[in-house]
Amino acid sequence: MLKTELTFFVARDGNDSWSGMLAAPNAQASDGPLATLAAARNAVRKLKHSQALDRPVTVMVREGKHYLNHPLVLASKDGGSRDCPITYTAYPNETPILSGGRRITSWKPYKGSIVRSEISQAQGGKWTFRQLFLNGERMIRARTPNHVPNNPLYGGWAFVEAPVEDNESHAFRYQANTFERGWAKPQQAEVHLTNGMGVTDILKIQEIDRPRHTITLTDRVKDHSAMPYASYPNHHRAVGAGYRFYVANVVEELDQPGEWCLDTEEGVLYFWPPVPSLNDAEVVAPVLDCLIDLRGVSHVQISGFTFTETRCAGDNMHREGHEGYGAMLPTGGKTYVGEALHAWNTTHCHIENNRFVAVGGNGIYMEGANARNVIRHNEIRHAGAIGICLIGSQYSNTKMMRRHPIYNALTDNHIHHCGFFDKYAPGIFLGLSQSNVVANNLLEHLPHHAINLGNSGFGRNIVEYNEIRHVCLETADKGAINTWMEDPYGHVERQAPRAGHVIRYNIIVDLETRILDQNGDLVESDPPNDSFGIYL
């Protein structure tokens, strides 16, 4: 017979030298909860090392914001068993927040309502970030044209007039009178570009020539629609008419409340607070690009947490080394955006009843031989890229062993307003994978696909009973549920029966079929802009 479960506690007023067996400090302040998740993990390790695990173990985390100095890594030795699982969860009726950020203090007046804080760690570009938070809310990076709160998707864009030269993919000519102010440090700025089709990119400025109305970028603009996909890093597209853009991180454009700008040359953060005073406010800049990392672990449950304030660490929405990306192949020379929760070769793990809020990269990223895991009842909103991803490869390089997700269930999740930085990102992406179920999810307000089944041509995934609304809003060509599957160049070697996906019983409504014209208006395109409910 199993013994009663053993519980450790973690709290903001805890101490890592205490036992962790009490939910609150005792009257003598000699014992109480632990202070960090890492200490709780180590306590569970010590327990398992001293005796065979004969009962379930639970780590309960008390309310408040827990700033992580490093990702919580749970390796194979940190797992449980079917009868004795290990659970990391919220204390009953409390909502602990896991933050990947660091508080910014020591503000000094700059100009008008703008304040500044010197950050030595950011000097020379050693620490960069695209997000800043005030009391948990994402602020707007100083930009031109300005963000339009009542029209955030289609307002606030400038438009490319023409390429500087034919087929030029790293410079463009913008319309006259686009910029009203001069910039002392244009190389600090980034251009956010999209053409409404297969292009979405964020690139730094190398040079701006105002008399000629041209911007030269530090790299070429990537083209998601280039074929063949395997040669994709060598495919780029001319930046011409049909592109829209805005320029971010320019201190001279910091002209309204809620905006901020980071000068990485001098290591100074500028901010116009939308509140009267920062004395009682919490300003946070992201440091970590991952909060929890599950590596080869089994029978672990993660539940009840809010994941937030992580970095957008790069520009590739996918990790390298897998198959089935299709047009979303990682671009050579660029780095990966990161994810709030990473899973590699996990089995029988549950990720449920969590919230992923304004994370900089992907929400949940499962790569490799993840089997029989359950991801359910999570809310993922305003993520920088993908909500949930499952991806792998057929075999390892050295052994003929499966290296892709199989028999996982993604159910009853609410994924919305993702793709904040990468407008080509779907709500759910399955690369090379097999026999997974995507069911009963609500996906809405997404820039591109709601669900993308990749280009694997390998095995069967089941997509059913999902509700999809208001997707395909910003980039094309597009479908609410998309599966490339054509693979005309044979990039994925098929050594297994091609069972084919099953797509059934889904509700799909309110897809956007129009495009944004040069005046910033949504118009019907000619030829019609492809937008499908189910896109094969």
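These values consider heavy atoms only, across backbone and side chains, with no hydrogens, waters or symmetry-generated copies.
Residues Tyr67 and Arg102 form no side-chain contact, since every pair of their non-hydrogen atoms from C-beta on lies 4.5 Å or further apart. Side-chain contact between Ser99 and Val284 is present, with heavy atoms from C-beta onward closer than 4.5 Å. Within the 4.5 Å cutoff, the side chain of Val148 has no heavy atoms near those of the Asn146 side chain. Between Leu72 and Arg41, some side-chain heavy-atom pair lies under the 4.5 Å cut-off. Using a 4.5 Å cut-off on side-chain heavy atoms (C-beta onward), Thr58 and Leu6 make no contact. Proximity of Leu294 to Ile292: side-chain heavy atoms (C-beta onward) are separated by under 4.5 Å at one or more points. In this structure, Met328 and His449 have side chains that are in contact, with non-hydrogen atoms separated by less than 4.5 Å. Looking at Asp13 and Pro25, their side chains come closer than 4.5 Å, going by heavy atoms from C-beta outward.
Classification of the His448-Tyr424 ring pair by plane angle, with boundaries at 30° and 60°, yields parallel.
A donor and an acceptor atom, one from each side chain of Asp16 and Thr36, are located under 3.5 Å apart. For the residue pair Thr89 / Ser303, a side-chain donor-acceptor distance below 3.5 Å is found, with atom types taken as modelled. Counted by atom type alone, Ser277 and Asn279 present one or more donor-acceptor pairs between their side chains at under 3.5 Å.
Paired with Ser298 under the rule side-chain hydrogen bond (donor to acceptor under 3.5 Å, both in side chains), one option of Asn345, Thr346, Thr347, Asp78 passes, and it is Thr347. Screening Asn373, Asn370, Asn461 for a side-chain hydrogen bond (donor to acceptor under 3.5 Å, both in side chains) with Asn436, the sole residue that qualifies is Asn461.
Rounding to the nearest 0.5 angstrom, the gap separating the CG atom in Leu254 from the CD1 atom in Ile140 is 11.5 Å. From Asn441, atom CG reaches atom CD1 of Ile451 across 6.5 Å, with rounding to the nearest 0.5 Å.
Looking at Gln131, its side chain does come within 3.5 Å of a backbone N or O of Thr310 through a donor-acceptor pair. Looking at Asn452, its side chain does come within 3.5 Å of a backbone N or O of Gly454 through a donor-acceptor pair. Between the side chain of Asn26 and the backbone N or O of Ser30 there is at least one donor-acceptor pair closer than 3.5 Å. Between the Asn466 side chain and the Asn506 main chain, no donor and acceptor come within less than 3.5 Å of each other. A distance-only check finds a donor-acceptor pair linking the side chain of Ser50 to the backbone of Leu47 [under 3.5 Å]. Counting only distance, with no hydrogens or angles, the side chain of Trp107 and the backbone of Ile104 share a donor-acceptor pair below 3.5 Å. A donor-acceptor contact shorter than 3.5 Å links the side chain of Asn249 to the backbone of Gln188. Judged by distance alone, the side chain of Ser81 and the main-chain N or O of Cys84 form a donor-acceptor pair under 3.5 Å. Looking at Trp344, its side chain never comes within 3.5 Å of a backbone N or O of Ala369 through a donor-acceptor pair. Panel note: side chain Tyr365, backbone Asn362; no donor-acceptor pair is recorded below 3.5 Å.
Residues that satisfy the side chain to side chain donor-acceptor pair (under 3.5 Å) test with Thr308, not counting sequence neighbours, are absent from this structure. Taking the side chain to side chain donor-acceptor pair (under 3.5 Å) definition, one finds that Asp412 meets it with nothing, sequence neighbours left out. Remark: Ser120 pairs with no residue by the side chain to side chain donor-acceptor pair (under 3.5 Å) rule, at least two apart or across chains. Every side chain to side chain contact (heavy atoms under 4.5 Å, CB included) that Ala90 has, sequence neighbours left out, goes to Pro96. Every residue was checked against the side chain to side chain donor-acceptor pair (under 3.5 Å) condition with Asp201, not counting sequence neighbours, and none meets it.
Taking the charged nitrogens against the carboxylate oxygens, Arg143 and Glu253 have no contact shorter than 4.0 Å, which rules out a salt bridge. The pair Glu464-Arg504 meets the salt-bridge criterion, with a side-chain N (NZ, NE, NH1 or NH2) lying under 4.0 Å from an Asp/Glu carboxylate O. Taking a cutoff of 4.0 Å between a charged side-chain nitrogen and a carboxylate oxygen, Glu339 and Arg319 qualify as a salt bridge. Taking 4.0 Å as the cut-off between side-chain N and carboxylate O, Glu63 and Arg12 do not count as a salt-bridged pair. Taking a cutoff of 4.0 Å between a charged side-chain nitrogen and a carboxylate oxygen, Arg130 and Asp315 qualify as a salt bridge. Taking a cutoff of 4.0 Å between a charged side-chain nitrogen and a carboxylate oxygen, Arg403 and Glu367 do not qualify as a salt bridge.
For Phe8 and Tyr88, the ring centers are positioned 6.0 Å apart or more. Aromatic pair Trp18/Phe9: centroids not less than 6.0 angstrom apart. In this structure, His445 has its ring center at least 6.0 angstrom away from the ring center of His416. Aromatic pair Phe420/His382: centroids not less than 6.0 angstrom apart. Checked against the 6.0 Å centroid threshold, His318 and Phe429 count as a close aromatic pair.
The two atoms that bring Leu446 and His417 nearest to each other are CD2-N, 3.9 Å, heavy atoms only. Annotation for Ser17 and Asn15: closest pair OG-OD1, 2.6 Å, computed over non-hydrogen atoms. The two residues Leu34 and Ala43 make their nearest non-hydrogen contact at CD1-CB, 4.4 Å. Taking every heavy atom of both residues into account, Glu320 and Asn316 meet most closely at OE2-ND2, 4.4 Å. Closest non-hydrogen pair, Val250 versus Ala142, comes out as O-CB, 3.6 Å. When all heavy atoms of His66 and Leu68 are compared, the pair lying nearest together is O-CD1, 3.3 Å.
Annotation: Glu137, atom CD; neighbour count of heavy atoms from other residues, nucleotides and ligands within 6.0 Å does not exceed 12. Annotation for Glu266: atom CD counts as buried by contact number, over 12 foreign heavy atoms lying within 6.0 Å. The neighbour count for Asn151 CG, taken as heavy atoms of other residues, nucleotides or ligands under 6.0 Å away, is above 12. By the 6.0 Å contact criterion, NZ on Lys77 is open, its count of non-hydrogen atoms from other residues, nucleotides or ligands being 12 or less. Taking a 6.0 Å sphere around NZ of Lys126, one finds it holds more than 12 heavy atoms contributed by other residues, nucleotides or ligands.
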Donor-acceptor list for residues 351-359 side chains, cut-off 3.5 Å, not counting sequence neighbours:
{"unit_1": "Glu352", "atom_1": "OE1", "unit_2": "Arg376", "atom_2": "NE", "d": "2.5"}
{"unit_1": "Glu352", "atom_1": "OE1", "unit_2": "Arg376", "atom_2": "NH2", "d": "3.1"}
{"unit_1": "Glu352", "atom_1": "OE2", "unit_2": "Gln301", "atom_2": "NE2", "d": "3.4"}
{"unit_1": "Asn354", "atom_1": "OD1", "unit_2": "Gly304", "atom_2": "N", "d": "3.0"}
{"unit_1": "Asn354", "atom_1": "OD1", "unit_2": "Phe305", "atom_2": "N", "d": "2.9"}
{"unit_1": "Asn354", "atom_1": "ND2", "unit_2": "Ile302", "atom_2": "O", "d": "3.0"}
{"unit_1": "Asn354", "atom_1": "ND2", "unit_2": "Glu352", "atom_2": "O", "d": "3.1"}
{"unit_1": "Asn354", "atom_1": "ND2", "unit_2": "Asn378", "atom_2": "OD1", "d": "3.2"}
{"unit_1": "Arg355", "atom_1": "NH1", "unit_2": "Thr306", "atom_2": "OG1", "d": "3.2"}

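A cation-pi contact links Arg62 to Tyr91, judged by a cut-off of 6.0 Å to the six-membered ring centre and 45° from its axis.
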Subject >> salt bridge (charged side-chain N to carboxylate O under 4.0 Å, His left out) between Glu309 and Arg138, intermediate numbers included >> reply: CA-CA 9 Å; Glu309 298 173 345; Arg138 179 193 271 145; over 6 Å; no
